[in-house]
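Below you'll find the structure, written out as structure tokens, and then a few comments.
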Amino acid sequence: MIKKAEKEFIFKKNDKAPSCHASTVLPLDDGTVLSAWFGGAREGDKSVKIWISKRSTEGEWSTPVSVSEPDATAHWNPVLHERSDGSIILYYKHGDTIPGWITKYMISYDGGNSWTAPEILVPGDFSGGRGPVKNKCLRLSDGRLLAPASTEQKKKWIPFIDISDDDGLTWHFNSYMERPKYKGAYVGLIQPTLWESEKGLVHCLLRSNKGAIYRSDSKDNGETWCKPYRTRLPNNNSGIDCVKDDSGRLWLIYNPVDINWGIRHPLSLAYSRDNGKHFTEVLIPEPGNGEFSYPAITCKNNTLYITYTYKRKQIVFWKIELEE
């Protein structure tokens with residue numbers, strides 16, 4: 001199943017941003033890898049900015065640099081996306097409170113070495129959402145781009161899927177997902193993670209506040225979604241991510257814990273051969289105690305690329321070559 005697995009820390013210490021979280025990872029065609037995260041004094045502090053590092057083909061990470069605007073406003077949840085023309089978009093949330101988030105973006109035309117000035121993704125939108133909220137975008141087989149999105153307004157957590165037909169610059173969506181109930185109470189759902197099983201059929205898994213991962217499915221390229229339903233996968237109200245590999249297997253990285261706002265360890269990597277109905281654990285990247293959370297996972301050339309938060313002090317990177 002796994003041919004080779006390498007684990008690295010992207011940086012040893014960042015005195016300018018001692019607390020870090022919410023990473024994203026993007027392998028490029030030239031063999032380099034980009035990763036970004038938010039860092040500062042602590043989550044939500046006005047000092048928090050977006051930081052980025054690049055891994056060379058020799059396996060060395062560059063010194064992290066701050067790439068977001070130098071204002072006194074908190075930055076959150078960067079997401080990297082490579083467009084079909086080779087340019088790279090960096091999305092992130094901007095605002096001192098989560099309900100007041102505005103999504104902004106920057107573009108790099110040189111592999112992440114330099115970036116354009118930040119712009120608002122959807123001018124006039126104050127929903128606290130739009131574009132990807134934590135996890136990567138999904139390019140469908142027909143070229144459409146889907147962003148896993150959600151809002152967190154007044155303790156009402158509602159997911160939706162944002163849609164772009166110009167590779168990530170302009171967005172629209174039809175409606176929020178219908179809110180399910182569990183034991184008589186509405187389920188809070190945020191931060192979807194997406195995959196396409198076959199043309200037109202798209203699926204997502206969702207973080208919840210009810211002890212389990214939820215799922216929703218679309219039969220029309222992400223235009224409409226069924227009411228999210230409960231799976232047997234545990235969730236501790238922390239981030240998850242999944243990706244489909246070149247062989248059609250679905251890989252999920254998550255904390256297998258079912259206590260709401262519970263511990264964020266261990267961190268587990270599992271796979272499914274039946275479109276997410278059943279998962280088998282294959283690796284525990286972090287078996288010890290501590291916060292190992294908010295993983296990001298993607299796949300390129302049958303190799304998994306993973307990043308996650310390590311005790312809020314560092315970002316870990318895994319490169320996992322898969323067997324066919």
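Position 1 is the first residue of the sequence; numbering continues from there.
Within 6.0 Å of NZ on Lys7 lie more than 12 heavy atoms contributed by other residues, nucleotides or ligands. Taking a 6.0 Å sphere around CD of Glu6, one finds it holds more than 12 heavy atoms contributed by other residues, nucleotides or ligands.
Of all heavy-atom pairs between Asp246 and Asn302, the closest is OD2-N, 2.5 Å. When all heavy atoms are compared, the tightest approach of Gly31 to Thr57 is C-CG2, 4.0 Å. Minimum heavy-atom separation, Tyr92 to Pro118: OH-CB, 3.3 Å. When every heavy atom of Ser272 is checked against every heavy atom of Asn275, the shortest pair comes out as OG-N, 3.7 Å. Closest approach of Pro228 to Glu178, counting heavy atoms only: CD-O, 3.1 Å. Considering all non-hydrogen atoms of both residues, Thr24 and Leu80 come closest at OG1-N, 3.1 Å.
Between the CG atom of Leu322 and the OG atom of Ser247 there is a distance of 7.5 Å, given to the nearest 0.5 Å. With rounding to the nearest 0.5 angstrom, the SG atom of Cys204 is 10.5 Å from the CG atom of Leu138. Taken from CG in Asp125 to CZ in Arg130, the straight-line distance is 5.0 Å, to the nearest 0.5 Å. Between the OG atom of Ser197 and the CG atom of Asp274 there is a distance of 11.5 Å, given to the nearest 0.5 Å. Separation of atoms CD1 (Ile284) and CG (Leu269) is listed at 10.5 Å; rounding is to 0.5 Å. To the nearest 0.5 angstrom, Glu119 atom CD is 10.5 Å from Ile89 atom CD1.
Sorted by first and then second residue, the side-chain hydrogen bond (donor to acceptor under 3.5 Å, both in side chains) pairs involving residues 314-324 (not counting sequence neighbours) are Tyr308-Trp318.
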_As a quick check of understanding, evaluate side chain to side chain contact (heavy atoms under 4.5 Å, CB included) for Val243 and Trp195, giving each step before the final call._
CA-CA 6 Å; Val243 71; Trp195 77 97; over 6 Å; no

*Would His203 and Ser218 satisfy side-chain hydrogen bond (donor to acceptor under 3.5 Å, both in side chains), going step by step from the backbone distance to the final call?*
CA-CA 6 Å; His203 318 274; Ser218 171; over 6 Å; no

*Output, in order, the C-alpha distance, side-chain angles, deciding distance and verdict of side chain to side chain contact (heavy atoms under 4.5 Å, CB included) for Leu252 and Tyr271.*
CA-CA 6 Å; Leu252 171 68; Tyr271 74 94; over 6 Å; no

_Determine whether Arg179 and Tyr186 satisfy the following criterion, side-chain hydrogen bond (donor to acceptor under 3.5 Å, both in side chains), listing intermediate values before the conclusion._
CA-CA 6 Å; Arg179 300 176 70 196; Tyr186 283 110; 5.6 Å; no

_Using side chain to side chain contact (heavy atoms under 4.5 Å, CB included), reason through Leu206 and Ile240 one step at a time and then give a plain yes or no._
CA-CA 8 Å; Leu206 303 116; Ile240 63 174; 5.9 Å; no

_Apply ring-ring contact (aromatic ring centres under 6.0 Å, His included) to residues Trp37 and Phe11 and explain how you reach the verdict._
CA-CA 12 Å; Trp37 58 92; Phe11 58 91; 5.2 Å; yes

*Derivation and outcome, side-chain hydrogen bond (donor to acceptor under 3.5 Å, both in side chains), residues Gln191 and Ser150*: CA-CA 6 Å; Gln191 299 173 355; Ser150 57; over 6 Å; no

*Do Ser268 and Asn255 pass the side chain to side chain contact (heavy atoms under 4.5 Å, CB included) test, and can you show the C-alpha distance, the side-chain angles, and the key distance before you say yes or no?*
CA-CA 6 Å; Ser268 177; Asn255 299 117; over 6 Å; no

_Does Asp167 form a side-chain hydrogen bond (donor to acceptor under 3.5 Å, both in side chains) with His81? I'd like the steps, not just the answer._
CA-CA 9 Å; Asp167 209 359; His81 166 66; 3.0 Å; yes

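No side-chain heavy atom of Ser35 sits less than 4.5 Å from a side-chain heavy atom of Leu26. The shortest distance between side-chain heavy atoms of Phe292 and Thr309 does not fall below 4.5 Å. Considering only heavy atoms from C-beta on, Lys93 comes within 4.5 Å of Val133 through its side chain.
Side chains of Glu196 and Ser141: a donor-acceptor N/O pair is present below 3.5 angstrom, by distance only. Under the 3.5 Å distance criterion, with hydrogens and angles disregarded, a donor-acceptor pair is assigned to the side chains of Ser238 and Arg264. No side-chain donor-acceptor contact under 3.5 Å links Ser164 and Asp162. Using modelled atom types, one finds a donor on one side chain and an acceptor on the other under 3.5 Å when comparing Tyr214 with Arg230. Residues Ser293 and Glu291 bring a donor and an acceptor atom of their side chains to less than 3.5 Å of each other. For the 3.5 Å distance criterion, the side chains of Arg207 and Tyr294 qualify, holding a donor opposite an acceptor. For the residue pair Asn260/Asn237, the side-chain donor-acceptor check at 3.5 Å is satisfied.
At a threshold of 4.0 Å, the pair Arg215-Asp217 counts as salt-bridged, since one of the basic side-chain nitrogens sits closer than that to a carboxylate oxygen. Between Asp142 and Arg144, none of the side-chain N atoms (NZ, or NE/NH1/NH2) sits under 4.0 Å from a carboxylate O, so this pair counts as no salt bridge. Salt-bridge annotation for Lys46 and Asp96: present, with a side-chain N of the basic residue lying under 4.0 Å from a carboxylate O of the acidic one. Using a cutoff of 4.0 Å between basic side-chain nitrogens and carboxylate oxygens, Glu8 and Arg55 are scored as salt-bridged.
When atom types are taken as modelled, the side chain of Lys136 and the backbone of Ile297 share a donor-acceptor pair closer than 3.5 angstrom. A donor-acceptor pair under 3.5 Å is absent between the side-chain atoms of Ser66 and the main chain of Trp51, judged by distance alone. With Ser216 contributing its side chain and Trp225 its backbone, the two residues share no donor-acceptor pair below 3.5 Å. Within the 3.5 Å criterion, the main-chain N or O of Asp166 finds a donor-acceptor partner in the side chain of Arg83.
Taking the ring pair (Phe, Tyr, Trp, His ring centres under 6.0 Å) definition, one finds that His265 meets it with nothing, sequence neighbours left out. Remark: Asp258 engages no residue in a salt bridge (Lys or Arg N to Asp or Glu O under 4.0 Å) (not counting sequence neighbours).
Under the 30°/60° scheme for interplanar angles, the aromatic rings of Phe317 and Tyr305 are found to be tilted. Aromatic ring orientation, His94 versus His75: perpendicular (interplanar angle above 60°, classes split at 30° and 60°).
Residue Leu250 is grouped with residue Leu233 when hydrophobic side chains (ILVMFWY) are merged at heavy-atom distances under 4.5 angstrom, including chains of intermediate members.
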